[in-house]
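Before any comments, here is the structure.
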There are 2 protein chains.
Amino acid sequence: MGLNDRKMQVLQAIVDDYVNTNEPVGSKALIERHKFPVSSATLRNDMAELERMGLIEKPHTSAGRIPSDRGYREYVDSLMKIDQLSASERDEISRKIDECLDEAGDLLKNASSILSEATGMVSLVMTPRLAGSSLLQLKLLMIEPGKALVVMVLSAGVVKDKVVRIPNFLTPDQLKEISDSVEKSLNGKPLDEITLITLATSVKETQIPDSILNQVLYETYTAIKQADRLDVFLEGEHNMLKLPDFSELRRAQNLLGTLSHDGMVAGYVNEIEKEKTGGDDTYMIRIGQEIALEGLEDCSFITTTYKVGDTISGNIGVIGPKRMDYSKVISQIDFVRYKINEKIKKING
Amino acid sequence: MGLNDRKMQVLQAIVDDYVNTNEPVGSKALIERHKFPVSSATLRNDMAELERMGLIEKPHTSAGRIPSDRGYREYVDSLMKIDQLSASERDEISRKIDECLDEAGDLLKNASSILSEATGMVSLVMTPRLAGSSLLQLKLLMIEPGKALVVMVLSAGVVKDKVVRIPNFLTPDQLKEISDSVEKSLNGKPLDEITLITLATSVKETQIPDSILNQVLYETYTAIKQADRLDVFLEGEHNMLKLPDFSELRRAQNLLGTLSHDGMVAGYVNEIEKEKTGGDDTYMIRIGQEIALEGLEDCSFITTTYKVGDTISGNIGVIGPKRMDYSKVISQIDFVRYKINEKIKKING
DNA sequence: ATTAGCACTCAAACCCTCTGAGTGCCAAAT
DNA sequence: ATTTGGCACTCAGAGGGTTTGAGTGCTAAT
C-alpha cells in the first residue's frame, strides 16, 4: 500500500485534524477541510477500512474517528514530514539559550524550561551518562581537618566533585600521597570498571595505617560512584493541565502522579535509548500504550541525544499527549538540541 | 473576648469541622458533632455574630459557614493547640531521613519529598542563605590548560565550587600565585561584601600581565557570586490535585502555574522570613489573601528555619490549601526540621 | 469503485422540578 | 438579657426527561 493510497491520505488528514481540533473527525468535516475529490460516502468507506486495519477508532457509535496508537505510529513512521521552525521561533530559542550561564548545569536546566515553554508540554532533559566515561584526573584536597574534597576530571572535560569526611589527624601530605597513588592507578579507567578492590590495590608502599587508608579509599570510592549520578530536569508539568486531553481530573492526577517520580521516568528513558538503533541524531518516539509506565497511556515520549564531546551523551525530549503535533515538536527538540551541542562545545572550549 | 467565650469555641469547631469534611458547617451539624449545651438557634445567633466580625462567611445563602481568612488567622493565633506526632509517624520520618546520604544536597532534596509525602501537600525546602556567610578559604586549582576549579570554603564548613575558564597558557604556578593572594586578602570576608574591586586590589606585586590577571579574577568573582545561589526544592505539586480544594481545573491550573515558578516562590519565602520577628524555631504562617503571590489565594504557607552551624540557616515549609490541619502540619514540619538539624550537625562533624 | 439517500445512534446540551440542608427572625420562655 | 422553638424562605445540586445534530452503516443506483 503506497503513500499515495487515498486511505493513507485520509489517515493523515484525520491525524492532522484531530491534533488541531481535539475532536473526533467525521467524514463530512474531512471533505470540508481537505479537498478530497470524492464524496463523503467514499470517505466513510475508506474510514471503515482504516478502522478494520486498526489505525483509527470511534470513541462511540455516533462520533467521528480518532487515530489509534497504531494510527499515530503509521503517521510518524510514514506520513509526517518535518518542517523547519520559523525564524522567529528559532530566534526566541537562540536568545534564551545564549542567556544561560557558561555552565552545564545551568544550561541543561534552562534548556528544559525553554523546551517546555516552546512546546507547551513537559520537557525532559537528562544530564550526560558518565558511567562509560573515563577518569582522567582525581585529586584529594584537604579542606579542613577531617574534611576533603574529591575532584574528578572525566572524559570530555567534565568535572565532578564531592566533599568527603576523612580521619581528623590525616595530614595534607598524607592525603596528597594517597591522592597521587590513586590517580596514577586509575588514570584512564572507565568509571564503571572502578571497584573498591581496584582502589584498595592502587596504594602500595605507604606508611599510612591500613584502617585509615581504607577509610579514605572508601570515601573516594563513594565519590566516584556518585559522580555518574543521572540528574533529570522535568519541567512544565503544569502545562499539561491546560491541554484538553487532561481536563478530566482523574487523568491529570494519574499523569502528574507518575511524572512526579522523575527518577523512574529518567530510568525508563535511559532504557529505551539503549534499544535505539539509529544514530545519535535520530529520535525515539513512544506512543501511548508503547510506553511501559503506568499513567502515561495517553502520552507520547519523543527523545533524542545531545553530545558532550565525542563519547558522552545525554538525552533531551518531550512528554506530551499522544495527540500532539509530532512534526512541530520534533523540530523544536531538534533545534534546542543543536543549540545545546553548540553551547557545550563553547563551554568546554 | 476570652478564649472561653462560646463564640470562640464555635469558631474553633467550625474550623475543625470544615478542615475535616470540606463542607460548609451548619448549626445543626455543629450541635451534633460537638456537645454544645445550647440549642442550634443559639449557635445560629453566635454564627451570625462571628460573621459580622468577619471570621466566618457563607458560600451562599442556604449553606453553612466556612472560616474566612481572618477566621483561620484567629484560629492559628489563639485557638489551635499543637499536638505531638504519633510515634509511628515520627519513626517513619526518622527512618527516611536516616536513609539519606551524608550530603547536604541529597538530604534537603529528600527532606522535601518526605515532607510532601507526610503532609500530602507541597513541600518547600530552600538551601541555606549563604550571602551573609564568610569566605574562609578559596583555592584555584588547575584542571587542564584553560580550565580551573574555584573551591570555596564558607562559614560552618560549607563547600562550594565552580569550574571556570582561564587563559590557556596560564601555568599552575601562576594560578597558585593568584589563588594565594586572593585567599589572603579575602579571608574571613562576608560573601556579600566581596566586589570585583576588592578582588582587583587583592593581587599586587606580580609579573602576571594585567589583562590575564583580570580575566582570572573576573571568573573567580563570578564563582563567588554564584556560590550563594539559593536552590529550592518544591515537591508534591501533584498532591494538590487530589485535594477537593483544587478539584476545579481552573484553580488547579492557577496553583500549579504559580508553583512552577519556583524561584519566585523561593524569593517570596525569603522576603517573609526576613520580616519574621520571633526566633528561628518559630513559624511564619501566611493564610490566603495574606500571600502576595497571584494564584495562591486559596493556599497557606507555613515555613520555618533550619540551621547549618550557628549563623547559617535555610527554610523549610509547606504550601497547602488554607483548609488544612494547621496543628498537624506544624508538628510534621517541626519534626522534619529537627531531624535535618541533627543530620546536618552529623555531616559537618 | 463511487455516490446519493435514508434510517439509526447516542453524547451533550437544555430545561424543569424536586429536595433538603441551612438560614434569619420573631415571639415565648428562662 | 439570653436562649429557645417555630416557621417561612432560599437556593445549590441532584434527578429526569426531551431535543438536537453530527456522525454512522447500509443499500440501491450510477
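The structure presented is a predicted model; accordingly, all values stated were derived computationally and were not measured. Any value given below was found using the heavy atoms of this structure, including those in side chains, with hydrogens, waters and symmetry copies removed.
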Whole-Å distance separating the [atom1] atom of [X] from the [atom2] atom of [N]:
X: B/Glu49; N: D/dA1; atom1: CD; atom2: P; result: 15 Å
X: A/Asp46; N: D/dG25; atom1: CG; atom2: C1'; result: 14 Å
X: A/Asn45; N: D/dT27; atom1: CG; atom2: P; result: 12 Å
X: B/Met47; N: D/dT4; atom1: CE; atom2: C1'; result: 16 Å
X: A/Glu32; N: D/dG21; atom1: CD; atom2: P; result: 16 Å
X: A/Lys28; N: D/dG25; atom1: NZ; atom2: C1'; result: 17 Å

- Task: Describe the nucleic acid contact of A/Ser40 in one word from base, sugar-phosphate, nothing, applying a heavy-atom distance below 4.0 Å.
- Result: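 The answer is nothing, as A/Ser40 stays clear of every strand by at least 4.0 Å.
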- For B/Thr61, report the nucleic acid contact type (base, sugar-phosphate, nothing); a contact means any heavy atom under 4.0 Å.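 Since only primed, P, OP1 and OP2 atoms lie under 4.0 Å of B/Thr61, the category is sugar-phosphate.
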Any donor-acceptor pair under 3.5 Å linking the side chain of [X] with the backbone of [Y]?
X: B/Thr303; Y: B/Gly317; answer: no
X: B/Arg65; Y: B/Ile56; answer: no
X: A/Asn315; Y: A/Thr304; answer: yes
X: B/Thr42; Y: B/Val38; answer: no

- Message: Closest-nucleotide mapping onto DNA chain D: is B/Leu43 or B/Ser62 further toward the 5' terminus? I mean the 5' end.
- Response: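 It is B/Leu43, whose closest nucleotide lies nearer the 5' terminus.
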- Message: Between B/Val38 and A/Glu51, which residue's closest nucleotide on DNA chain D lies nearer the 5′ terminus?
- Response: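 The residue whose closest nucleotide sits nearer the 5' end is B/Val38.
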- Message: I want to check one thing: is the phosphate of D/dG25, taken as OP1 and OP2, less than 4.0 Å away from some side-chain N or O of A/Arg52?
- Response: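 No.
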- Message: Does D/dT3 have OP1 or OP2 under 4.0 Å away from a side-chain N or O of B/Arg44?
- Response: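 No, B/Arg44 has no side-chain N/O under 4.0 Å of OP1/OP2 on D/dT3.
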Which nucleotide, [options], lies nearest any side-chain atom of [X]?
X: B/Arg6; options: D/dG5, D/dT3, D/dT24; value: D/dT3
X: B/Ser39; options: D/dG5, D/dG25, D/dT24; value: D/dG5
X: B/Ala41; options: D/dG25, D/dT10, D/dT4; value: D/dT4

- Message: Does the plane of the ring in B/Tyr268 sit parallel, tilted or perpendicular to the ring in B/Phe301? Use 30° and 60° as the thresholds.
- Response: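 It falls in the perpendicular class, over 60°.
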- Message: What I want to find out is whether B/Arg251 reaches B/Asp245 closely enough, with some N-O distance under 4.0 Å, to be called a salt bridge.
- Response: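 No, no charged N to carboxylate O under 4.0 Å.
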- Message: Under the rule for side-chain hydrogen bond (donor to acceptor under 3.5 Å, both in side chains), what residues qualify as partners of B/Ser116, not counting sequence neighbours?
- Response: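 In terms of side-chain hydrogen bond (donor to acceptor under 3.5 Å, both in side chains), with neighbours along the sequence ignored, B/Ser116 is linked to no residue.
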- Task: Shoot me the first and last contacting nucleotide of DNA chain C against chain A, ordered 5' to 3', at under 4.0 angstrom to non-hydrogen atoms.
- Result: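 Going 5' to 3' along DNA chain C, contacts run C/dT2 to C/dA11.
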